[in-house]
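Read through the structure below, which is laid out as C-alpha coordinates, and then see the notes.
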Amino acid sequence: MKRHLISAADLTRDDAVLILDTAEEMARVADRPIKKLPALRGRTVVNLFFEDSTRTRISFEAAEKRLSADVINFAAKGSSVSKGESLKDTAQTLEAMGVDAVVIRHGASGAPYRLATSGWIDAAVVNAGDGTHQHPTQSLLDAFTLRRRLVGRDAGLGRDLAGRRVTIVGDILHSRVARSNVDLLHTLGAEVTLVAPPTLLPVGVGNWPCEVSYDLDAALPKSDAVMMLRVQRERMNAAFFPTEREYARRYGLDGDRMAKMPEHAIVMHPGPMVRGMEITAEVADSARCTAVEQVAGGVHTRMAVLYLLLGGNEPAVSHARTEETK
Amino acid sequence: MDTDVSDAARPVLEGPDIARVLTRMAHEIVERAKGADGVVLLGIPTRGVFLADRLAAKLAGITGRRIPVGSLDITMYRDDLRLRPARALARTDIPADGIDGRLVVLVDDVLFSGRTIRAALDALNDIGRPRAVQLAVLVDRGHRELPIRADYVGKNLPTSLRETVRVQLEEEDGRDAVLLGERRETGAPAAEDRRPEPARTGER
(Lines give C-alpha, C1' and ligand atoms only; values in the text may rest on other atoms or scores of the structure.)
Protein backbone atom coordinates (compact mmCIF):
# COMPACT_ATOMS: atom_id res chain seq x y z
CA MET A 1 0.00 0.00 0.00
CA LYS A 2 1.21 3.45 -0.63
CA ARG A 3 0.75 6.78 0.94
CA HIS A 4 -2.93 7.05 1.83
CA LEU A 5 -4.93 7.78 4.93
CA ILE A 6 -8.31 6.17 4.42
CA SER A 7 -9.38 4.88 7.81
CA ALA A 8 -8.38 5.53 11.40
CA ALA A 9 -8.35 1.75 11.81
CA ASP A 10 -5.31 1.54 9.49
CA LEU A 11 -3.13 3.42 11.95
CA THR A 12 -1.00 1.53 14.46
CA ARG A 13 -0.46 2.93 17.92
CA ASP A 14 3.04 4.08 16.96
CA ASP A 15 1.76 5.78 13.80
CA ALA A 16 -0.88 7.62 15.75
CA VAL A 17 1.54 8.74 18.46
CA LEU A 18 4.00 9.90 15.77
CA ILE A 19 1.25 11.96 14.13
CA LEU A 20 0.24 13.51 17.48
CA ASP A 21 3.87 14.29 18.39
CA THR A 22 4.46 15.85 14.97
CA ALA A 23 1.25 17.86 15.39
CA GLU A 24 2.63 19.28 18.66
CA GLU A 25 5.70 20.54 16.79
CA MET A 26 3.46 21.94 14.05
CA ALA A 27 1.46 23.74 16.75
CA ARG A 28 4.59 25.63 17.78
CA VAL A 29 4.85 27.08 14.28
CA ALA A 30 1.50 28.77 14.86
CA ASP A 31 3.14 30.98 17.50
CA ARG A 32 5.72 32.32 15.08
CA PRO A 33 5.48 35.51 13.07
CA ILE A 34 5.94 33.53 9.84
CA LYS A 35 3.55 30.59 10.09
CA LYS A 36 5.02 28.72 7.20
CA LEU A 37 7.20 25.68 6.66
CA PRO A 38 8.82 24.62 3.40
CA ALA A 39 8.14 20.88 3.71
CA LEU A 40 5.71 20.53 0.79
CA ARG A 41 7.16 23.21 -1.51
CA GLY A 42 6.36 22.39 -5.10
CA ARG A 43 3.77 19.75 -4.27
CA THR A 44 0.22 20.15 -5.45
CA VAL A 45 -2.68 19.14 -3.25
CA VAL A 46 -6.28 19.07 -4.45
CA ASN A 47 -9.13 19.46 -2.01
CA LEU A 48 -11.85 17.43 -3.68
CA PHE A 49 -15.07 18.12 -1.81
CA PHE A 50 -18.19 16.41 -3.09
CA GLU A 51 -20.02 17.22 0.13
CA ASP A 52 -20.52 20.51 1.94
CA SER A 53 -17.91 21.32 4.49
CA THR A 54 -16.66 24.50 6.01
CA ARG A 55 -14.29 23.71 8.81
CA THR A 56 -12.68 20.59 7.37
CA ARG A 57 -12.00 22.19 4.00
CA ILE A 58 -10.66 25.42 5.47
CA SER A 59 -8.62 23.45 7.98
CA PHE A 60 -7.03 21.31 5.27
CA GLU A 61 -6.42 24.37 3.14
CA ALA A 62 -4.73 26.21 6.01
CA ALA A 63 -2.61 23.14 6.76
CA GLU A 64 -1.55 22.75 3.13
CA LYS A 65 -0.68 26.41 2.77
CA ARG A 66 1.33 26.46 5.99
CA LEU A 67 3.39 23.62 4.56
CA SER A 68 3.91 25.64 1.34
CA ALA A 69 1.98 23.23 -0.90
CA ASP A 70 0.14 24.51 -3.97
CA VAL A 71 -3.56 24.17 -3.23
CA ILE A 72 -6.39 23.59 -5.69
CA ASN A 73 -9.91 23.69 -4.30
CA PHE A 74 -12.58 21.70 -6.03
CA ALA A 75 -16.20 21.79 -4.92
CA ALA A 76 -18.64 19.49 -6.65
CA LYS A 77 -21.25 22.23 -6.84
CA GLY A 78 -20.76 24.20 -10.01
CA SER A 79 -18.17 21.76 -11.36
CA SER A 80 -18.35 19.16 -14.07
CA VAL A 81 -19.60 16.70 -11.44
CA SER A 82 -22.94 18.50 -11.44
CA LYS A 83 -22.98 17.87 -15.21
CA GLY A 84 -22.73 14.14 -14.55
CA GLU A 85 -19.00 13.38 -14.50
CA SER A 86 -18.04 10.21 -12.64
CA LEU A 87 -15.48 9.97 -9.85
CA LYS A 88 -13.23 8.04 -12.21
CA ASP A 89 -13.20 10.78 -14.84
CA THR A 90 -12.68 13.47 -12.24
CA ALA A 91 -9.78 11.48 -10.80
CA GLN A 92 -8.19 10.97 -14.19
CA THR A 93 -8.51 14.66 -14.94
CA LEU A 94 -6.67 15.46 -11.72
CA GLU A 95 -4.05 12.82 -12.49
CA ALA A 96 -3.45 14.38 -15.90
CA MET A 97 -2.84 17.71 -14.17
CA GLY A 98 -0.17 16.11 -12.03
CA VAL A 99 -1.40 16.41 -8.48
CA ASP A 100 0.60 14.87 -5.62
CA ALA A 101 -2.21 14.42 -3.13
CA VAL A 102 -5.99 14.39 -3.11
CA VAL A 103 -7.94 15.30 0.00
CA ILE A 104 -11.38 13.89 -0.66
CA ARG A 105 -14.74 14.25 1.03
CA HIS A 106 -17.55 12.25 -0.50
CA GLY A 107 -21.10 11.38 0.46
CA ALA A 108 -20.58 7.74 -0.46
CA SER A 109 -18.82 5.52 2.06
CA GLY A 110 -15.77 3.98 0.44
CA ALA A 111 -15.19 6.61 -2.25
CA PRO A 112 -11.68 7.50 -0.95
CA TYR A 113 -10.79 3.82 -0.77
CA ARG A 114 -11.96 3.34 -4.34
CA LEU A 115 -9.91 6.32 -5.42
CA ALA A 116 -6.81 5.06 -3.63
CA THR A 117 -6.96 1.46 -4.82
CA SER A 118 -8.48 1.74 -8.28
CA GLY A 119 -5.29 2.69 -10.07
CA TRP A 120 -7.03 5.73 -11.56
CA ILE A 121 -4.64 8.01 -9.84
CA ASP A 122 -1.08 7.99 -8.56
CA ALA A 123 -1.49 10.65 -5.89
CA ALA A 124 -1.76 10.16 -2.17
CA VAL A 125 -5.35 10.04 -0.97
CA VAL A 126 -6.41 11.53 2.35
CA ASN A 127 -9.93 10.81 3.48
CA ALA A 128 -11.67 13.97 4.71
CA GLY A 129 -14.90 12.14 5.49
CA ASP A 130 -16.78 9.58 3.40
CA GLY A 131 -20.47 8.96 3.98
CA THR A 132 -21.04 7.25 7.29
CA HIS A 133 -17.71 5.41 7.13
CA GLN A 134 -14.63 7.27 8.37
CA HIS A 135 -13.18 10.71 9.08
CA PRO A 136 -9.66 9.83 10.23
CA THR A 137 -8.23 13.34 10.58
CA GLN A 138 -11.15 14.32 12.82
CA SER A 139 -10.37 11.45 15.16
CA LEU A 140 -6.69 12.41 15.14
CA LEU A 141 -7.46 15.99 16.08
CA ASP A 142 -9.82 14.77 18.79
CA ALA A 143 -7.06 12.53 20.16
CA PHE A 144 -4.68 15.52 19.93
CA THR A 145 -7.04 17.68 22.01
CA LEU A 146 -7.68 14.82 24.45
CA ARG A 147 -3.98 14.20 24.99
CA ARG A 148 -3.27 17.90 25.48
CA ARG A 149 -6.03 18.38 28.02
CA LEU A 150 -5.81 15.07 29.90
CA VAL A 151 -2.08 14.25 29.76
CA GLY A 152 -0.48 17.63 29.05
CA ARG A 153 1.12 19.45 26.16
CA ASP A 154 4.72 18.46 26.86
CA ALA A 155 4.02 15.57 29.21
CA GLY A 156 1.96 13.93 26.47
CA LEU A 157 4.79 13.65 23.92
CA GLY A 158 5.38 10.03 23.02
CA ARG A 159 2.42 8.89 25.09
CA ASP A 160 -0.97 7.44 24.18
CA LEU A 161 -4.32 7.71 25.94
CA ALA A 162 -4.10 4.49 27.95
CA GLY A 163 -6.84 4.19 30.57
CA ARG A 164 -8.65 7.45 29.68
CA ARG A 165 -12.42 7.08 29.47
CA VAL A 166 -14.19 8.78 26.60
CA THR A 167 -17.96 8.82 26.20
CA ILE A 168 -19.36 9.53 22.74
CA VAL A 169 -22.99 10.65 22.77
CA GLY A 170 -25.56 11.06 20.03
CA ASP A 171 -26.14 10.03 16.47
CA ILE A 172 -23.70 7.11 16.28
CA LEU A 173 -25.59 5.54 13.38
CA HIS A 174 -24.78 8.27 10.88
CA SER A 175 -21.51 9.40 12.39
CA ARG A 176 -18.20 8.77 10.66
CA VAL A 177 -16.65 10.78 13.48
CA ALA A 178 -17.83 8.19 16.01
CA ARG A 179 -16.51 5.28 13.92
CA SER A 180 -13.10 6.87 13.45
CA ASN A 181 -12.89 7.82 17.11
CA VAL A 182 -13.80 4.34 18.33
CA ASP A 183 -11.06 2.87 16.13
CA LEU A 184 -8.37 5.39 16.96
CA LEU A 185 -9.09 5.82 20.67
CA HIS A 186 -9.12 2.04 21.06
CA THR A 187 -5.75 1.86 19.28
CA LEU A 188 -4.44 4.52 21.66
CA GLY A 189 -5.59 2.54 24.70
CA ALA A 190 -8.59 4.64 25.74
CA GLU A 191 -11.86 3.09 26.91
CA VAL A 192 -14.75 4.29 24.77
CA THR A 193 -18.43 4.21 25.73
CA LEU A 194 -21.09 4.99 23.15
CA VAL A 195 -24.34 6.48 24.43
CA ALA A 196 -27.32 6.84 22.09
CA PRO A 197 -30.95 5.95 21.72
CA PRO A 198 -31.24 2.37 20.39
CA THR A 199 -32.51 3.66 17.05
CA LEU A 200 -29.34 5.66 16.50
CA LEU A 201 -26.94 2.77 17.04
CA PRO A 202 -25.76 0.86 13.98
CA VAL A 203 -26.24 -2.84 13.46
CA GLY A 204 -23.20 -4.75 14.68
CA VAL A 205 -22.14 -2.11 17.19
CA GLY A 206 -21.65 -4.97 19.67
CA ASN A 207 -18.55 -6.00 17.72
CA TRP A 208 -16.90 -2.59 17.99
CA PRO A 209 -14.10 -2.29 20.54
CA CYS A 210 -16.21 -0.22 22.95
CA GLU A 211 -19.03 -0.27 25.51
CA VAL A 212 -22.58 0.71 24.58
CA SER A 213 -25.13 2.32 26.89
CA TYR A 214 -28.52 4.03 26.59
CA ASP A 215 -28.11 5.95 29.84
CA LEU A 216 -26.18 9.21 29.63
CA ASP A 217 -26.53 10.10 33.33
CA ALA A 218 -24.89 6.85 34.38
CA ALA A 219 -21.95 7.32 31.98
CA LEU A 220 -21.12 10.95 32.85
CA PRO A 221 -19.52 10.51 36.32
CA LYS A 222 -16.99 8.01 34.97
CA SER A 223 -15.89 9.97 31.92
CA ASP A 224 -12.67 11.91 31.40
CA ALA A 225 -14.15 13.38 28.24
CA VAL A 226 -17.63 13.54 26.76
CA MET A 227 -17.91 13.96 23.02
CA MET A 228 -21.28 15.26 21.84
CA LEU A 229 -22.28 14.51 18.26
CA ARG A 230 -24.67 16.44 16.10
CA VAL A 231 -27.90 14.74 15.09
CA GLN A 232 -27.45 14.52 11.33
CA ARG A 233 -30.87 15.44 10.06
CA GLU A 234 -29.67 15.51 6.48
CA ARG A 235 -28.94 11.79 6.62
CA MET A 236 -32.19 10.88 8.35
CA ASN A 237 -34.96 9.51 6.21
CA ALA A 238 -36.99 7.99 9.04
CA ALA A 239 -38.17 8.95 12.51
CA PHE A 240 -35.40 7.89 14.85
CA PHE A 241 -36.84 9.54 17.94
CA PRO A 242 -40.27 10.96 18.79
CA THR A 243 -39.42 14.65 19.13
CA GLU A 244 -36.33 16.80 19.21
CA ARG A 245 -37.35 17.98 22.64
CA GLU A 246 -37.38 14.44 23.99
CA TYR A 247 -33.98 13.77 22.44
CA ALA A 248 -32.53 16.92 23.95
CA ARG A 249 -33.92 16.00 27.39
CA ARG A 250 -32.53 12.46 27.37
CA TYR A 251 -29.30 12.81 25.39
CA GLY A 252 -28.50 16.52 25.37
CA LEU A 253 -25.76 17.92 27.59
CA ASP A 254 -26.86 20.81 29.80
CA GLY A 255 -25.33 22.53 32.80
CA ASP A 256 -26.85 20.12 35.34
CA ARG A 257 -25.50 17.11 33.48
CA MET A 258 -22.08 18.73 33.06
CA ALA A 259 -21.94 19.16 36.85
CA LYS A 260 -22.07 15.36 37.19
CA MET A 261 -18.82 14.99 35.27
CA PRO A 262 -15.51 14.79 37.17
CA GLU A 263 -13.74 18.12 37.79
CA HIS A 264 -11.07 17.55 35.13
CA ALA A 265 -13.40 16.16 32.47
CA ILE A 266 -13.83 18.03 29.19
CA VAL A 267 -16.70 18.40 26.74
CA MET A 268 -15.83 17.91 23.08
CA HIS A 269 -17.80 18.60 19.93
CA PRO A 270 -16.62 18.05 16.35
CA GLY A 271 -18.91 20.84 15.11
CA PRO A 272 -21.11 22.16 13.78
CA MET A 273 -22.97 22.46 17.09
CA VAL A 274 -26.73 22.69 17.21
CA ARG A 275 -27.28 24.64 20.41
CA GLY A 276 -30.37 23.56 22.27
CA MET A 277 -30.31 20.13 20.67
CA GLU A 278 -27.33 18.00 21.74
CA ILE A 279 -25.63 20.77 23.73
CA THR A 280 -26.92 23.86 25.54
CA ALA A 281 -25.36 27.27 25.10
CA GLU A 282 -24.26 27.20 28.73
CA VAL A 283 -22.12 24.10 28.11
CA ALA A 284 -20.93 25.18 24.66
CA ASP A 285 -19.62 28.47 26.04
CA SER A 286 -18.06 27.03 29.18
CA ALA A 287 -14.30 26.70 29.65
CA ARG A 288 -14.67 22.93 29.67
CA CYS A 289 -15.90 22.82 26.08
CA THR A 290 -12.98 22.31 23.70
CA ALA A 291 -14.81 22.85 20.39
CA VAL A 292 -12.68 25.85 19.40
CA GLU A 293 -9.47 24.18 20.56
CA GLN A 294 -10.36 21.20 18.41
CA VAL A 295 -10.55 23.44 15.36
CA ALA A 296 -7.09 24.86 16.09
CA GLY A 297 -5.75 21.37 16.70
CA GLY A 298 -7.25 20.31 13.38
CA VAL A 299 -4.85 22.49 11.42
CA HIS A 300 -1.84 21.17 13.33
CA THR A 301 -2.94 17.56 13.03
CA ARG A 302 -3.61 17.86 9.31
CA MET A 303 -0.22 19.50 8.82
CA ALA A 304 1.31 16.50 10.59
CA VAL A 305 -0.60 14.00 8.44
CA LEU A 306 0.29 15.76 5.18
CA TYR A 307 3.92 16.14 6.18
CA LEU A 308 4.29 12.51 7.21
CA LEU A 309 2.55 11.24 4.06
CA LEU A 310 4.11 13.61 1.54
CA GLY A 311 7.21 15.12 3.13
CA GLY A 312 9.68 12.39 2.24
CA ASN A 313 10.12 9.97 -0.61
CA GLU A 314 7.91 7.48 1.18
CA PRO A 315 5.41 7.95 3.98
CA ALA A 316 6.50 7.66 7.59
CA VAL A 317 3.15 6.18 8.50
CA SER A 318 2.96 2.44 7.98
CA HIS A 319 -0.06 0.92 6.33
CA ALA A 320 0.25 -2.70 7.16
CA ARG A 321 -3.43 -3.15 7.74
CA THR A 322 -5.03 -1.12 4.97
CA GLU A 323 -5.37 -4.09 2.66
CA GLU A 324 -7.55 -6.03 5.06
CA THR A 325 -10.03 -3.28 5.81
CA LYS A 326 -12.93 -3.67 3.44
CA MET B 1 23.79 -1.33 14.61
CA ASP B 2 26.10 1.17 16.24
CA THR B 3 28.00 -1.31 18.30
CA ASP B 4 30.46 -2.48 15.66
CA VAL B 5 31.32 1.15 14.91
CA SER B 6 32.02 1.85 18.57
CA ASP B 7 34.12 -1.27 18.93
CA ALA B 8 36.38 -0.33 16.05
CA ALA B 9 36.21 3.40 16.77
CA ARG B 10 39.06 5.25 18.40
CA PRO B 11 38.29 8.02 20.90
CA VAL B 12 39.74 11.35 19.82
CA LEU B 13 38.33 13.38 22.68
CA GLU B 14 37.22 11.99 26.05
CA GLY B 15 35.03 13.49 28.77
CA PRO B 16 37.55 15.87 30.40
CA ASP B 17 38.82 17.00 26.96
CA ILE B 18 35.30 17.90 25.88
CA ALA B 19 34.74 19.89 29.08
CA ARG B 20 37.99 21.84 28.53
CA VAL B 21 37.20 22.44 24.88
CA LEU B 22 33.75 23.81 25.72
CA THR B 23 35.24 26.08 28.38
CA ARG B 24 37.65 27.50 25.80
CA MET B 25 34.85 27.97 23.26
CA ALA B 26 32.76 29.79 25.88
CA HIS B 27 35.67 32.18 26.53
CA GLU B 28 36.10 32.73 22.79
CA ILE B 29 32.42 33.61 22.48
CA VAL B 30 32.70 36.11 25.35
CA GLU B 31 35.84 37.57 23.78
CA ARG B 32 34.47 37.95 20.27
CA ALA B 33 31.00 39.09 21.35
CA LYS B 34 32.49 41.54 23.88
CA GLY B 35 30.86 40.12 26.99
CA ALA B 36 28.27 37.90 25.31
CA ASP B 37 25.77 40.78 25.18
CA GLY B 38 22.75 39.84 23.11
CA VAL B 39 24.02 36.34 22.49
CA VAL B 40 21.39 33.65 21.89
CA LEU B 41 22.57 30.05 21.68
CA LEU B 42 20.55 27.77 19.42
CA GLY B 43 21.42 24.08 19.45
CA ILE B 44 20.64 21.86 16.47
CA PRO B 45 18.95 18.63 17.67
CA THR B 46 19.87 16.19 18.95
CA ARG B 47 23.35 16.67 20.36
CA GLY B 48 23.75 20.33 19.44
CA VAL B 49 21.03 21.11 21.97
CA PHE B 50 22.98 19.50 24.80
CA LEU B 51 26.16 21.27 23.72
CA ALA B 52 24.27 24.60 23.62
CA ASP B 53 23.00 23.98 27.16
CA ARG B 54 26.52 23.25 28.38
CA LEU B 55 27.94 26.32 26.62
CA ALA B 56 25.18 28.46 28.13
CA ALA B 57 26.04 27.21 31.61
CA LYS B 58 29.71 28.02 31.06
CA LEU B 59 28.88 31.46 29.62
CA ALA B 60 26.70 32.16 32.64
CA GLY B 61 29.63 31.20 34.86
CA ILE B 62 31.94 33.59 33.03
CA THR B 63 29.64 36.58 32.59
CA GLY B 64 27.38 36.10 35.63
CA ARG B 65 24.33 36.57 33.44
CA ARG B 66 21.78 34.09 32.12
CA ILE B 67 22.32 33.43 28.42
CA PRO B 68 19.17 32.62 26.42
CA VAL B 69 19.40 29.14 24.92
CA GLY B 70 17.05 27.23 22.63
CA SER B 71 16.87 24.61 19.94
CA LEU B 72 16.34 24.82 16.19
CA ASP B 73 14.99 21.82 14.31
CA ILE B 74 16.05 21.84 10.68
CA THR B 75 14.30 18.68 9.46
CA MET B 76 11.86 20.41 7.14
CA TYR B 77 14.56 22.66 5.71
CA ARG B 78 16.91 19.82 4.70
CA ASP B 79 17.85 19.62 1.05
CA ASP B 80 17.53 15.82 1.13
CA LEU B 81 14.00 15.87 2.58
CA ARG B 82 12.62 14.29 -0.59
CA LEU B 83 15.32 11.63 -0.79
CA ARG B 84 14.37 9.79 2.36
CA PRO B 85 11.21 8.75 4.18
CA ALA B 86 9.49 11.54 6.06
CA ARG B 87 11.25 12.05 9.37
CA ALA B 88 9.96 12.73 12.84
CA LEU B 89 10.42 16.35 13.82
CA ALA B 90 12.53 17.52 16.72
CA ARG B 91 11.77 20.42 19.00
CA THR B 92 12.23 24.02 17.93
CA ASP B 93 12.38 26.16 21.02
CA ILE B 94 13.12 29.83 20.51
CA PRO B 95 13.83 31.86 23.68
CA ALA B 96 10.94 34.12 24.69
CA ASP B 97 12.68 37.34 23.64
CA GLY B 98 13.19 36.04 20.11
CA ILE B 99 16.24 36.44 17.94
CA ASP B 100 15.61 39.81 16.30
CA GLY B 101 18.71 42.00 16.61
CA ARG B 102 20.53 39.33 18.64
CA LEU B 103 23.78 37.55 17.95
CA VAL B 104 22.69 33.99 17.26
CA VAL B 105 25.30 31.31 17.82
CA LEU B 106 24.27 28.03 16.19
CA VAL B 107 25.66 25.03 18.02
CA ASP B 108 26.14 21.58 16.48
CA ASP B 109 28.25 18.55 17.26
CA VAL B 110 29.99 17.82 13.94
CA LEU B 111 30.55 20.15 10.99
CA PHE B 112 30.85 18.05 7.82
CA SER B 113 29.24 18.94 4.47
CA GLY B 114 27.76 22.19 5.80
CA ARG B 115 24.30 21.25 4.54
CA THR B 116 22.84 21.09 8.04
CA ILE B 117 24.03 24.63 8.70
CA ARG B 118 22.60 25.88 5.40
CA ALA B 119 19.27 24.37 6.44
CA ALA B 120 19.60 26.04 9.84
CA LEU B 121 20.19 29.43 8.20
CA ASP B 122 17.02 28.93 6.14
CA ALA B 123 15.11 27.96 9.26
CA LEU B 124 16.36 31.09 11.07
CA ASN B 125 15.09 33.18 8.19
CA ASP B 126 11.51 32.15 9.03
CA ILE B 127 11.94 32.96 12.71
CA GLY B 128 13.45 36.41 12.73
CA ARG B 129 16.32 38.65 11.73
CA PRO B 130 19.37 38.27 13.94
CA ARG B 131 22.06 40.96 14.07
CA ALA B 132 24.57 38.27 13.09
CA VAL B 133 24.79 34.50 13.00
CA GLN B 134 27.83 32.57 14.13
CA LEU B 135 28.55 28.87 14.28
CA ALA B 136 30.07 26.81 17.09
CA VAL B 137 30.88 23.12 16.54
CA LEU B 138 32.55 20.57 18.74
CA VAL B 139 34.31 18.88 15.82
CA ASP B 140 35.10 20.16 12.34
CA ARG B 141 35.89 17.13 10.20
CA GLY B 142 36.26 18.95 6.88
CA HIS B 143 34.85 17.94 3.46
CA ARG B 144 32.62 20.98 3.09
CA GLU B 145 30.20 20.96 0.16
CA LEU B 146 29.05 24.55 0.69
CA PRO B 147 30.82 27.83 1.45
CA ILE B 148 30.26 27.57 5.20
CA ARG B 149 32.77 27.76 8.05
CA ALA B 150 32.64 27.63 11.81
CA ASP B 151 33.46 30.62 14.07
CA TYR B 152 34.21 28.49 17.12
CA VAL B 153 35.70 25.03 16.70
CA GLY B 154 36.27 22.58 19.53
CA LYS B 155 38.64 20.41 17.56
CA ASN B 156 39.72 20.36 13.94
CA LEU B 157 39.77 16.73 12.94
CA PRO B 158 41.18 16.04 9.48
CA THR B 159 39.42 12.90 8.24
CA SER B 160 39.07 10.86 5.09
CA LEU B 161 35.61 10.24 3.66
CA ARG B 162 36.03 6.58 4.59
CA GLU B 163 36.03 7.51 8.25
CA THR B 164 33.08 8.24 10.52
CA VAL B 165 33.01 10.75 13.35
CA ARG B 166 30.62 10.12 16.20
CA VAL B 167 29.97 12.40 19.12
CA GLN B 168 28.60 10.82 22.28
CA LEU B 169 27.25 12.97 25.07
CA GLU B 170 26.32 12.07 28.62
CA GLU B 171 22.73 13.33 28.18
CA GLU B 172 22.01 11.06 25.21
CA ASP B 173 24.57 8.27 25.19
CA GLY B 174 25.62 7.96 28.82
CA ARG B 175 29.19 9.12 28.25
CA ASP B 176 31.19 11.95 26.67
CA ALA B 177 33.45 11.07 23.74
CA VAL B 178 34.32 11.86 20.15
CA LEU B 179 34.96 8.64 18.24
CA LEU B 180 36.75 8.20 14.95
CA GLY B 181 35.92 4.97 13.11
CA GLU B 182 35.92 3.30 9.72
CA ARG B 183 32.81 3.36 7.56
CA ARG B 184 31.53 -0.15 6.94
CA GLU B 185 31.07 -0.94 3.28
CA THR B 186 28.62 -3.77 2.62
CA GLY B 187 24.96 -2.94 2.90
CA ALA B 188 25.42 -0.71 5.89
CA PRO B 189 24.60 2.66 4.31
CA ALA B 190 21.14 1.47 3.26
CA ALA B 191 20.39 0.36 6.77
CA GLU B 192 21.61 3.68 8.13
CA ASP B 193 19.41 5.60 5.72
CA ARG B 194 16.36 3.92 7.15
CA ARG B 195 16.99 4.98 10.66
CA PRO B 196 14.37 7.40 11.94
CA GLU B 197 16.72 10.36 12.14
CA PRO B 198 19.67 9.34 10.03
CA ALA B 199 21.99 12.31 10.12
CA ARG B 200 20.97 13.55 13.51
CA THR B 201 22.54 10.77 15.51
CA GLY B 202 25.95 12.33 15.69
CA GLU B 203 27.43 10.03 13.08
CA ARG B 204 28.49 11.97 10.06
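Throughout, protein chains are lettered first and strands after them, A, B, ... in sequence-line order, and every chain is numbered starting at 1.
Of the atoms belonging to N125(B), it is backbone heavy atoms, and not side-chain ones, that fall under 4.5 Å from chain A. Both the backbone and the side chain of I127(B) come within contact range of chain A, with heavy atoms under 4.5 Å apart.
Enclosure of atom CZ in R41(A) is not indicated, since only 12 or fewer non-hydrogen atoms of other residues, nucleotides or ligands lie within 6.0 angstrom. Atom CZ of R129(B) is surrounded by 12 or fewer heavy atoms from other residues, nucleotides or ligands within 6.0 Å. Within a 6.0 Å sphere centred on NE2 of H106(A), other residues, nucleotides and ligands contribute more than 12 heavy atoms.
Not one N or O on the side chain of Y307(A) forms a donor-acceptor pair closer than 3.5 Å with the backbone of L89(B). Distance alone, capped at 3.5 Å, places no donor-acceptor pair between the R28(A) side chain and the R91(B) backbone.
Interface remark: of the candidates T92(B), I94(B), D122(B), T92(B) forms the most heavy-atom pairs closer than 4.5 Å to chain A. Counting heavy-atom pairs under 4.5 Å between each of L18(A), V29(A), I34(A), D31(A) and chain B puts I34(A) at the top.
Of the inter-residue distances, the one linking L308(A) atom CG with R87(B) atom CZ reads 12.0 Å to the nearest 0.5 angstrom.
The two residues P38(A) and M76(B) make their nearest non-hydrogen contact at CG-O, 3.3 Å.
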